Amino acid sequence: MGARRRIIPLFVPHLGCPHACVFCDQRAISGAAEPVDAAAVTKELEAAERRFPPGAELAFYGGSFTAIPPAEQEALLAAAAPFLERGFLAALRISTRPDCVDEGSLERLRRYGVKTVELGAQAMDDGVLRLAGRGHTAADTRRAAALVKAGGFDLILQMMTGLPGSGPELDIRTAEELLALKPQGLRVYPTVVLRDTALCALWRAGKYRAQTVEEAAEVCAAIWELAEAAGVPLLRVGLNPSPELAERVAAGAYHPALGELALSRLWLRRAERLLRETPHGERVTLAVPACRLSQMAGQRRQNIEILQREFGLKSVKLTASGAEDGQIQLLS
Ligand code: SF4
C-alpha cells in the first residue's frame, strides 16, 4: 500500500444502501446532512487543492458506493478526474458493501482511478449479520474480498464489535476470519447506539445490551495483537469523534480516544504476560519503545496500579527502550 497519503473524505450518506442496518445513521457519523454531488466534489477538491500538497487520495465514504446507480457513480468519479490528471490526487478510494461488488462494478472503479476498496464486513457470523439487518452473509464478504484482490485493488476491511448476538468470542473470530483474507488494512468500529436507530429501540426495550467502552477496549486490544501478528495494519479503532456525533449517542462504546484505550490495554496484557512468565522481585523496571511509554502507563497511570496490585509489587518503573515497536522487556 506504500506510505500513507492524506485522505480527503467526501460523504455520500446512505446512497445506494439497499438495507437499513440497525445500528447505522451515516448522517450522524459523518456529520454530512446530504450526499455530495459532482458539483460539490469539484468544489471540495478545489478548496483542498489550495490547502494541501499534491498526492492526496479522495475517498467516498458513508454509503454503498457500488450500489449507487452507475450514472451517478460515474458523475462523482468523473468530477475527480481533472484532479487526478494534474496530480493533486494520486488515487481514489470508495467504501461499499460485500454484496454489491461484482466484476462490472470493479471495472468501472478501475477506469476512474480507484485504487482502494473498503468493504464493510461488520461480522463473519451469519446470525449476527441477520440481527444487524445487514442483508448479506459472511460468504458474500469472502467472495467480494477475493474479487477486490483479484482485481488488483488494495482491500481494506471494516468490522464491528458488540453487535446484537455477538460477544468477545465472536468478535475475535470475525477478526481472525477477516485477517485471513489478507487485507491491506483493518478498521474496527465498536458498536455505538445512536438515537433514532432500530438498535436504539432494541436497547431501550431491554432487548440489546450495549458493549461498554471498557469491554470494547479489551476486545480491540486482542484484535490489535492479532492484526500485528498477521502483519495487517489496524488503521482505526472507534468512530471519528465529533460534538455532533456525541450528541446522538444513547449508549455503547463511544469514547473520543478509544484507540488509545485499546492500545493501553494491549500493553497492560503484554506486561502481565511477561511478569507471569519471568521471575522477578518486588520492584520491577519495564522497558518499552519511547513512543509507547504513555500507553504502557495507562490513563492516570492506571496500568501501573493494576500491575502492582496483581503481582504484589512495591514499584513498577517504566523506561524507554530502543527495541522494535511491540516489544517489552523486564530489566529488573
Ligand atoms: S452500515 Fe453501510 S450499508 Fe448499512 S446503512 Fe450504513 S452505510 Fe448503508
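First listed ligand is number 1; within each ligand, the first listed atom is number 1. Because only heavy atoms are used, hydrogens play no part in the values below, and waters and symmetry mates are left out as well, while side chains stay in. This is a predicted model, so every value here is computed, not measured.
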Checking Q211 against T161 for the side-chain hydrogen bond (donor to acceptor under 3.5 Å, both in side chains) test, could you report, in this order, the C-alpha distance in whole Å, the side-chain angles of both residues, the deciding distance, and whether it holds? CA-CA 8 Å; Q211 191 175 45; T161 66; 2.7 Å; yes

Before giving the answer on side chain to side chain contact (heavy atoms under 4.5 Å, CB included), spell out for T116 and E57 the whole-Å C-alpha distance, their side-chain angles and the decisive distance to 0.1 Å. CA-CA 10 Å; T116 304; E57 185 166 357; 3.6 Å; yes

Side chain to side chain contact (heavy atoms under 4.5 Å, CB included) evaluation trace for D125 with S166: CA-CA 8 Å; D125 178 273; S166 195; over 6 Å; no

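Regarding atom 1 (S) of ligand 1, its nearest protein heavy-atom neighbour is R134 NH1, 3.3 Å.
Geometrically, R110 does not engage Y112 in a cation-pi contact, judged by NZ or CZ lying under 6.0 Å from the ring centre and within 45° of the ring axis.
T174 and D171 share no side-chain donor-acceptor pair at under 3.5 Å. With no hydrogens or angles considered, a side-chain donor-acceptor pair links T66 and T96 at under 3.5 Å.
Protein-derived N/O/S atoms nearer than 2.8 Å to atom 8 (Fe) of ligand 1 total 1, waters excluded.
Shown in contact with F23 at under 4.0 Å from a heavy atom are these atoms of ligand 1, numbered in order with element: 1 (S).
Using bins of under 30°, 30° to 60° and over 60° for the plane-to-plane angle, the ring pair F311/H280 lands in the perpendicular bin.
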